[in-house]
J.: 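Right, I'll just put the structure down here and ask away after.
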Amino acid sequence: MSEVRCRFAPAPSGSIHVGNARTALFSWLTARHHGGTFVLRVEDTDVSRVTEEAFRGTLESLRWLGLGWDEGPDVGGPHAPYRQSQRTAIYHEHAERLMAGGHAYRCYCTPEELEERRDQARARGEPPGYDGRCRRLSDAELAAFEREGRLWAVRFAMPERHYIVHDLVKGEVHFAAGALRDFVILRSDGSPVFLLAVAVDDMLMGITHVIRGEDLLASAPRNMAVIEALGGTLPQYAHLPLIVGSDRQPLSKRHGSTSVEAFREHGILPEALVNYLALLGWSYDDQTTFFSREELIERFDVSRVSSNPAAFDSDKLEWMNNHYVQGLDDEDLAARVVHFLAGAGLLVDPGLLRRAMPLVKERMKTLTQAVPLLRFLFTDDVEPDETAAAVIEKAGPGYLADAAEALDGVGTWDRASIQSALDALAGEAGLNRTKGWQPVRAAVTGSTVSPPLPESMELLGRDRTVARLRAAAAR
RNA sequence: GGUCCCAUCGUCUAGAGGCCUAGGACACCACCCUCUCAAGGUGGAGACACGGGUUCAAAUCCCGUUGGGACUACCA
């Protein structure tokens with residue numbers, strides 16, 4: 001059996017979206033599962049919409065997800081270049097071949113005329129597609145258009161036959177003869193349209209599996225027709241259902257930040273996002289939820305992808321993220337968290353940060369949540385928030401002064417001794433731990449929510465702890 | 001309008017005719033654990049869109065209805 005070659009072909013019109021990220025993942029997994037090649041091809045035929053920044057952002061997002069490619073715009077490969085904007089000569093050559101073979105023709109209709117006829121057809125309740133008139137131009141008409149100096153586009157002559165797409169996800173999808181109209185493959189300014197570029201590139205690059213969004217299902221027969229007209233071999237197609245939001249509408253900006261970059265900045269781990277995305281539309285069995293990258297590669301099968309659209313559930317993503325956070329060792333976690341603390345303007349002591357990791361691991365759904373939890377360690381500006389202030393006030397200055405004295409007198413500054421001291425303090429005041437410790441927590445951390453108190457104080461150190469208690473007592 | 005896709009708990013899904021009084025996970029509720037918040041443990045509520053067929057037997061096959069969605073460009 002020949003080698004599997006799978007491609008991901010993003011149009012870099014912005015940062016990469018989770019829907020595209022999932023498409024990339026499934027393509028990558030298919031390539032890796034078969035020990036094949038993963039090709040990255042950038043579809044920037046509409047040059048006006050593509051910025052260099054969007055291009056780089058796309059590559060960066062894929063790298064962050066760990067979806068490395070074997071051939072692509074930066075690494076090259078046997079079918080370079082891998083940016084469609086650099087392949088125009090190739091498309092022209094193939095458009096010529098199609099015209100020479102009678103599979104394509106010059107279309108002299110202007111965009112204005114086309115639009116007008118579309119509107120009319122719609123008004124009459126007829127299908128609005130191109131009527132194919134330039135396909136049957138007489139020599140005289142053709143000459144007349146040329147004399148007028150009219151610009152022409154190249155249109156592909158869609159064969160009048162029934163097409164069947166053998167889709168790996170959808171099964172057999174039929175398109176009746178005549179259902180698809182002739183389409184433009186070269187604009188009147190000579191630039192190629194993606195319907196040509198995709199087919200030509202998939203053919204030339206030897207792509208065996210085309211995995212992409214369901215929105216492109218209707219273009220599959222057109223791709224097939226072009227490849228057949230060119231005498232190429234057809235790839236297998238797999239069209240993935242769309243990802244929708246909680247309102248069942250296709251995911252868009254309205255659903256908040258859905259780009260890979262946004263999740264990264266929100267403190268989602270790439271391994272968690274990959275695992276979550278893998279399960280959005282695909283499953284291995286009725287039990288398994290967590291998959292290592294190797295397990296995913298071993299078990300993934302695109303034909304097991306379900307054909308109904310999946311709703312993106314950020315609660316589940318965050319739950320899964322927490323699972324991966326808990327699985328990280330302290331060193332690794334600290335290295336990932338430091339970016340977010342620094343971003344909040346905190347000056348971080350790496351050793352202290354690493355030692356704090358066990359206290360916050362299971363309290364973080366996202367890495368950003370480490371910031372409020374650990375802020376008290378990396379700044380002495382712990383102005384109590386509203387609820388903390390209320391707790392402090394209720395306890396009264398005497399209680400906090402007592403706390404300061406008790407802790408100052410602790411023999412060895414470790415969590416066991418601190419805990420005994422806190423218990424003794426609460427006991428003398430006739431309070432249980434909950435009531436007795438909260439004022440101390442509020443004074444020391446500035447919040448009523450914190451990592452476990454004795455451990456937190458141990459890390460903070462005796463001096464800073466006592467100073468904060470005295471400051472609170474003096475208010 | 002036309003073509004195409006889709007339809008199991010709120011969500012992601014298991015289910016490829018009898019194993020289903022429909023399984024798991026997130027979320028939700030209760031309890032346990034507990035210094036706050038989490039995490040963890042135990043338990044609970046919760047679904048085959050509807051209507052016809054086919055069959056001894058249908059969540060599973062067929063048809064229709066309804067409801068979502070995509071496409072219908074000299075965008076990708």
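Computation of the quantities below employed the complete heavy-atom set of this structure, encompassing side-chain atoms and omitting hydrogens, waters and symmetry-equivalent molecules. Letters A, B, ... mirror the listed sequences (proteins, then strands); counts begin at 1.
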J.: Does A:T448 put a side-chain nitrogen or oxygen below 4.0 Å from OP1 or OP2 of B:U36?
T.: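 So the side-chain polar atoms of A:T448 never come under 4.0 Å of the phosphate oxygens OP1 or OP2 of B:U36.
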
J.: To the side chain of A:A311, which of B:U11, B:C5, B:A76 is closest?
T.: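 The listed nucleotide nearest to A:A311's side chain is B:U11.
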
J.: Rounded to whole Å, please give me the gap between CZ in A:R181 and P in B:G2.
T.: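 Distance check: A:R181 CZ to B:G2 P gives 14 Å.
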
J.: Using a cut-off of 4.0 Å on non-hydrogen atoms, how would the nucleic acid contact of A:L317 be classed: base, sugar-phosphate, or nothing?
T.: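 No contact at all - A:L317 keeps every heavy atom at 4.0 Å or more from the nucleic acid.
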
J.: Using a heavy-atom cut-off of under 4.0 Å over every strand shown, decide if A:P309 touches base, sugar-phosphate, or nothing.
T.: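 Sugar-phosphate: the residue A:P309, judged by heavy atoms under 4.0 Å, touches backbone atoms but no base.
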
J.: Applying a 4.0 Å non-hydrogen cut-off, can you work out what A:H174 is touching in the nucleic acid: base, sugar-phosphate, or nothing?
T.: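 Counting heavy atoms under 4.0 Å across all strands, the contact made by A:H174 is with sugar-phosphate only.
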
J.: Any idea which of B:U13, B:C26, B:C74 is nearest the A:W319 side chain?
T.: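 Nearest to the side-chain atoms of A:W319, counting from C-beta on, is B:C26.
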
J.: Please report the C-alpha distance between A:S283 and A:D285 in whole Å, then the side-chain angles of each, then the deciding distance to 0.1 Å, and finally whether the side-chain hydrogen bond (donor to acceptor under 3.5 Å, both in side chains) criterion is met.
T.: CA-CA 6 Å; A:S283 66; A:D285 57 18; over 6 Å; no

J.: Hey, does A:E455 reach any base, or is it just sugar-phosphate, or nothing, if we go heavy atoms under 4.0 Å?
T.: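 If one applies the 4.0 Å heavy-atom cut-off, A:E455 turns out to touch a base.
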
J.: Quote, to the nearest angstrom, the P distance that separates B:U60 from B:C6.
T.: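 B:U60 and B:C6 have their P atoms separated by 15 Å.
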
J.: Looking at B:U13, I'd like to know if its phosphate oxygens (OP1 or OP2) sit under 4.0 Å from a side-chain N or O belonging to A:S306.
T.: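 Checking B:U13 against A:S306, a side-chain N or O does come within under 4.0 Å of OP1 or OP2.
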
J.: Could you check which nucleotide pairs with B:C50 in any of the strands shown, counting Watson-Crick or G-U wobble with both distances under 3.5 Å?
T.: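 Here B:C50 is engaged in a pair, and the nucleotide opposite it is B:G64.
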
J.: Can you tell me which nucleotide in B:A70, B:U13, B:C35 comes closest to the side chain of A:S283?
T.: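 Minimum distance to the A:S283 side chain belongs to B:U13.
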
J.: Over all strands shown, is A:G281 touching base, sugar-phosphate only, or nothing at heavy-atom distances under 4.0 angstrom?
T.: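 If one applies the 4.0 Å heavy-atom cut-off, A:G281 turns out to touch the sugar-phosphate alone, with no base involved.
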
J.: Ignoring backbone atoms, test whether A:N308 places a side-chain nitrogen or oxygen under 4.0 Å from the OP1 or OP2 oxygen of B:U8.
T.: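 The answer is yes; a side-chain N or O of A:N308 sits under 4.0 Å from OP1 or OP2.
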
J.: How far does the P atom of B:C29 sit from the matching atom of B:U13, given to the nearest Å?
T.: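 The answer is 24 Å between these two P atoms.
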
J.: Any strand is fair game: report the nucleotide pairing with B:A57 by Watson-Crick or G-U wobble, both distances under 3.5 Å, or none.
T.: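 By the stated definition (distances under 3.5 Å), nothing pairs with B:A57.
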
J.: Hey, does A:P10 reach any base, or is it just sugar-phosphate, or nothing, if we go heavy atoms under 4.0 Å?
T.: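 Nothing, no heavy atom under 4.0 Å.
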
J.: Whole-Å distance between B:C35 P and A:I418 CD1?
T.: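 It is 16 Å, rounded to the nearest whole Å.
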
J.: Considering only the P atoms, how many Å lie between B:G44 and B:A22, rounded to the nearest integer?
T.: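 The answer is 13 Å between these two P atoms.
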
J.: Base, sugar-phosphate or nothing for A:S307? Non-hydrogen atoms, less than 4.0 Å.
T.: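 A:S307: backbone/sugar contact only, no base atoms under 4.0 Å.
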
J.: Looking only at the side chain of A:Q438 (C-beta and beyond, no hydrogens), which of the listed nucleotides B:G69, B:C4, B:U36 gets closest?
T.: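 Looking only at heavy atoms from C-beta outward on A:Q438, the closest nucleotide is B:U36.
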
J.: Between B:C5, B:U36, B:C12, spot the one nearest the side chain of A:T434, thanks.
T.: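 Among the listed nucleotides, the one closest to the side chain of A:T434 is B:U36.
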
J.: Taking 4.0 Å as the cut-off, does a side-chain nitrogen or oxygen of A:R222 come that near to OP1 or OP2 on B:U72?
T.: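 No, outside the criterion.
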
J.: Between A:Y105 and A:D182, is a side-chain hydrogen bond (donor to acceptor under 3.5 Å, both in side chains) present by the stated rule, with each step listed?
T.: CA-CA 10 Å; A:Y105 57 91; A:D182 295 354; 2.7 Å; yes

J.: Go through the steps for A:F340 and A:F378 under the test ring-ring contact (aromatic ring centres under 6.0 Å, His included), then give the verdict.
T.: CA-CA 13 Å; A:F340 295 93; A:F378 303 107; over 10 Å; no

J.: Between P on B:A73 and CZ on A:R187, what's the gap in Å once rounded to a whole number?
T.: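 Spelled out: CZ on A:R187 to P on B:A73 is 14 Å.
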
J.: For A:C109, answer base if it contacts any base atom (sugar-phosphate contacts may also be present), sugar-phosphate if it contacts only those atoms, and nothing otherwise; contact means non-hydrogen atoms under 4.0 Å.
T.: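 Touches a base.
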
J.: Hey, does A:L453 reach any base, or is it just sugar-phosphate, or nothing, if we go heavy atoms under 4.0 Å?
T.: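 Base, at least one base heavy atom under 4.0 Å.
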
J.: Checking all strands, does A:P241 fall into the base, sugar-phosphate, or nothing category for heavy-atom contacts under 4.0 angstrom?
T.: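 Nothing, no nucleic acid heavy atom in range.
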
J.: How close or far is atom C1' of B:C75 from atom CD1 of A:I185, stated in whole angstroms?
T.: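 Interatomic distance, CD1 of A:I185 to C1' of B:C75: 17 Å.
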
J.: In whole angstrom, what separates A:H166's NE2 from B:C4's P?
T.: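 From A:H166 NE2 to B:C4 P: 16 Å.
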
J.: Is the phosphate of B:C37, meaning OP1 or OP2, less than 4.0 Å from a side-chain N or O of A:S450?
T.: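 A:S450 to B:C37 OP1/OP2: no side-chain N or O under 4.0 Å.
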
J.: Are A:F290 and A:W319 an aromatic pair, judged by ring center distance below 6.0 Å?
T.: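 A:W319 vs A:F290: aromatic centres under 6.0 Å.
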
J.: Of all the nucleotides listed (B:A14, B:A76, B:U36), which has the minimum atom distance to the side chain of A:R304?
T.: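 Side chain of A:R304 sits closest to B:A14.
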
J.: In this structure, how many angstroms lie between the P atom of B:A39 and the CD atom of A:E318, rounded?
T.: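 Interatomic distance, CD of A:E318 to P of B:A39: 12 Å.
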
J.: Taking A:D330 first and then A:K361, would you say they form a salt bridge - that is, a charged N and a carboxylate O separated by under 4.0 Å?
T.: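 Counted as a salt bridge, because a side-chain N and a carboxylate O are separated by less than 4.0 Å.
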
J.: Given the C1' atoms of B:A27 and B:G46, what is the spacing between them in whole Å?
T.: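 Per the computed distance, 12 Å lies between those C1' atoms.
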
J.: If you look at every strand shown and take non-hydrogen atoms under 4.0 Å, does A:Q326 touch a base, only sugar-phosphate, or nothing?
T.: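 Counting heavy atoms under 4.0 Å across all strands, the contact made by A:Q326 is with sugar-phosphate only.
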
J.: Roughly how many Å is it from CG in A:L280 to C1' in B:C26, rounded to a whole number?
T.: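 Distance check: A:L280 CG to B:C26 C1' gives 12 Å.
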
J.: With heavy atoms under 4.0 Å as the rule, sort A:R248 into base, sugar-phosphate or nothing.
T.: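 Answer is sugar-phosphate: A:R248 comes under 4.0 Å of backbone atoms only.
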
J.: What's the closest nucleotide to the side chain of A:T45 if the choices are B:C5, B:A76, B:C35?
T.: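 Within the option list, the nearest is B:A76.
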
J.: Please confirm whether A:R83 makes a cation-pi placement over A:F55, using NZ or CZ under 6.0 Å from the six-membered ring centre and within 45° of the ring normal.
T.: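 Yes, A:R83 and A:F55 form such a contact.
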
J.: Centre of A:Y108's six-membered ring, under 6.0 Å away, within 45 degrees of the axis: is that where NZ or CZ of A:R150 sits?
T.: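 Not flagged: A:R150 not positioned over aromatic ring of A:Y108.
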
J.: Would you indicate, yes or no, if B:A39 has its OP1 or OP2 atom less than 4.0 angstrom from a side-chain nitrogen or oxygen of A:K365?
T.: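 So the side-chain polar atoms of A:K365 do come within 4.0 Å of the phosphate oxygens OP1 or OP2 of B:A39, strictly under.
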
J.: Look at the side-chain N and O atoms of A:Q287 and state whether any lies under 4.0 Å from the OP1 or OP2 oxygen of B:A14.
T.: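 So the side chain of A:Q287 is outside the cut-off, no N or O lying under 4.0 Å from OP1 or OP2 of B:A14.
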
J.: Partner lookup for B:C28, please. Criteria are Watson-Crick or G-U wobble with both distances under 3.5 angstrom; report none if nothing qualifies.
T.: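 Because both required distances fall under 3.5 Å, B:C28 counts as paired with B:G44.
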
J.: Atom NZ of A:K316 and atom C1' of B:G10: how far apart are they, to the nearest Å?
T.: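 After rounding, the gap between these two atoms is 13 Å.
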
J.: Can a cation-pi geometry be assigned to A:R155 and A:Y130, taking NZ or CZ under 6.0 Å from the six-membered ring centre and within 45° of the ring axis?
T.: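 Output yes; distance and angle both within limits.
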
J.: Quick one: does A:R87's side chain have a donor or acceptor within less than 3.5 Å of a partner on A:P81's backbone?
T.: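 Checking the backbone N and O of A:P81 against the side chain of A:R87, a donor-acceptor pair under 3.5 Å is found.
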
J.: Identify which nucleotide among B:C71, B:A76, B:A70 has an atom closest to any side-chain atom of A:F194, counting heavy atoms from C-beta outward.
T.: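 Taking heavy atoms from C-beta onward, the closest nucleotide is B:A76.
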
J.: Between B:C74 and A:R118, is there an OP1 or OP2 to side-chain N/O distance shorter than 4.0 Å?
T.: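 So the side chain of A:R118 is within the cut-off, an N or O lying under 4.0 Å from OP1 or OP2 of B:C74.
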
J.: Just checking A:Q249: base, sugar-phosphate only, or nothing, at a heavy-atom cut-off of under 4.0 Å?
T.: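 Touches sugar-phosphate only.
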
J.: Below the 4.0 Å mark, does B:U11 have OP1 or OP2 next to a side-chain nitrogen or oxygen of A:S246?
T.: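 Answer no for this pair, as no side-chain N or O of A:S246 is under 4.0 Å from OP1 or OP2.
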
J.: A:A179 near the nucleic acid: base, sugar-phosphate alone, or nothing, with a heavy-atom cut-off under 4.0 Å?
T.: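 Nothing, no heavy atom under 4.0 Å.
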
J.: With both distances kept under 3.5 Å, what pairs with B:C74, Watson-Crick or G-U wobble?
T.: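 Checking every strand shown, B:C74 finds no partner, since no pair has both distances under 3.5 Å.
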
